Amino acid sequence: MRSWRSSVLSALLGAGLGAAAVRLWSFEGPHEEARTAAAFSHCPVIPVPGIIPRVQASELTGSPGAVMKYGFPSLANVKSRDSYITSYDPRTRTASWVIERLSPASLSGSADRKCCTFKEDDSVHVFHRATNEDYRGSGFDRGHMAAAANHKWSQKAMDDTFYLSNVSPQNPHLNQNTWNNLEKLCRALTKRYLNVYVCTGPLYLPRQEADGKLYVRYQVIGPNHVAVPTHFFKVLILEQMDGKGVELRSYVMPNEPINERVPLERFLVSIETIERASGLLFVPNIMKRTSTLHAITDR
DNA sequence: TTTGCTGT
């Protein structure tokens, strides 16, 4: 039985993405704090000109200009909702990426998920649309990309996270434990950073099969063949309290049960790893490609 | 607490 670690590692290696990932996962220090510090030392910090203001409650209404200040990871089938902006992938019947902006204001309010139900996205053609029937009895959870609890500021905003275009088939144990903890971490970071931008999405990573060749293989569920991602990513854009810099943190988790005792820092990968694997480019508006990527991968 | 599921 292969561990999650070897499974992620071989998948990333298979995509030709090894260098940055190997260095992170090979780190085994005796003290967790030292390990955490070492893990974050890989995360880039980018100075930004001017002072960034904190988002106020009155500014929460989903306006693409505000949520997308760091740019679009890709441009196909972009949709704007109150709580997030997303790019839909009609071939897999799920999102390519979903971006949301978290702040203390967006996390507080009276919206209640008991009032929400998962629903088809009528803006997607029926040929390419996921339905609740696809998930029923599949063994997979309907895992939010933009999490419901991030948008208590408005019932409509929370309702919008229940479109199945904001959902991917997710291992139930992962969704309800370690992935949930990662979502809670994103919310907790709003206390230490001015604004927290979160970009979430699925990955379909190659792995080596018995003949020694690399294949991308994923299950599809239901009559509409909704793709089951092999992994999920989260890219965090953290605006520092002094408004002078932006920190980037990016995580990859396999779509399988993960022991909750494994620290979240173990799932940090370089942003380049996710960019190569996903076909997306993050923070195109601020990334200085050559110099920044050297800083990440050469460390 | 928040993440979901199934059955009535």
Side-chain angles (χ1 to χ4, degrees), chain A residues 4 60 81-84 86 92-95 97-121 130-192 196-203 219-224 226-236 251-264 266-267:
Chain A
W4 62 265
L60 283 174
R81 300 248 156 79
D82 275 10
S83 38
Y84 57 89
T86 183
T92 56
R93 292 81 158 106
T94 188
W97 52 262
V98 179
I99 297 183
E100 54 194 319
R101 186 179 58 182
L102 278 54
S103 64
S106 79
L107 301 185
S108 60
S110 57
D112 184 353
R113 71 176 281 148
K114 287 190 174 60
C115 304
C116 306
T117 52
F118 288 102
K119 57 200 174 184
E120 296 177 24
D121 186 341
T131 67
N132 282 313
E133 188 192 352
D134 293 315
Y135 285 84
R136 190 170 302 121
S138 69
F140 291 93
D141 276 7
R142 292 167 289 190
H144 280 86
M145 298 293 97
N150 294 348
H151 301 284
K152 296 178 79 172
W153 57 281
S154 147
Q155 188 64 50
K156 171 68 162 58
M158 185 177 283
D159 288 348
D160 282 356
T161 70
F162 280 78
Y163 281 115
L164 291 176
S165 51
N166 178 51
V167 159
S168 279
Q170 196 165 40
N171 176 277
H173 183 278
L174 174 70
N175 182 36
Q176 295 165 38
N177 295 280
T178 303
W179 186 262
N180 189 20
N181 291 339
L182 181 57
E183 293 177 337
K184 289 176 181 172
L185 171 66
C186 296
R187 290 192 282 274
L189 288 171
T190 61
K191 299 185 179 110
R192 289 163 42 197
V196 174
Y197 291 76
V198 183
C199 182
T200 309
L203 293 171
Q219 183 182 351
V220 296
I221 57 171
N224 295 301
V226 181
V228 179
T230 64
H231 298 73
F232 294 97
F233 70 82
K234 254 188 203 302
V235 174
L236 278 51
Y251 298 82
V252 170
M253 288 185 185
N255 193 8
E256 58 192 48
I258 294 176
N259 189 320
E260 258 197 295
R261 290 175 301 184
V262 179
L264 294 175
R266 301 279 187 90
F267 300 94

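Since the model is a prediction, treat every value here as computed from it, not as a measurement. Residue numbers begin at 1 in each chain, while the letters A, B, ... track the order of the sequences.
- With sequence neighbours left out, A/Asp112 forms a side chain to side chain donor-acceptor pair (under 3.5 Å) with no residue at all.
- Mapping heavy-atom proximity under 4.0 Å, the span of DNA chain B touched by chain A runs 5' to 3' from B/dT1 to B/dT6.
- Shortest non-hydrogen contact noted between A/Phe162 and A/Thr117 is CB-O, 3.4 Å.
- Across all non-hydrogen atoms, the minimal contact from A/Leu174 to A/Pro254 is CD2-O, 3.4 Å.
- At the heavy-atom level, A/Lys152 lies under 4.0 Å from the strands shown only through sugar-phosphate atoms.
- In this structure, A/Phe232 and A/Thr200 have side chains that are not in contact, with every pair of non-hydrogen atoms separated by 4.5 Å or more.
- Across all strands shown, A/Asp141 has heavy atoms under 4.0 Å from sugar-phosphate atoms exclusively, and none from any base.
- As judged by a 4.0 angstrom heavy-atom cut-off over every strand, A/Arg113 is placed among the base-contacting residues.
- Residues meeting the side chain to side chain contact (heavy atoms under 4.5 Å, CB included) test with A/Asp121, sequence neighbours left out: A/Lys79, A/Arg81, A/Ser123, A/Val124, A/Tyr163, A/Ser165.
- Backbone-only contact: A/Glu183 has heavy atoms under 4.0 Å from sugar-phosphate atoms and none from a base.
- The two atoms that bring A/Met158 and A/Arg113 nearest to each other are SD-N, 3.4 Å, heavy atoms only.
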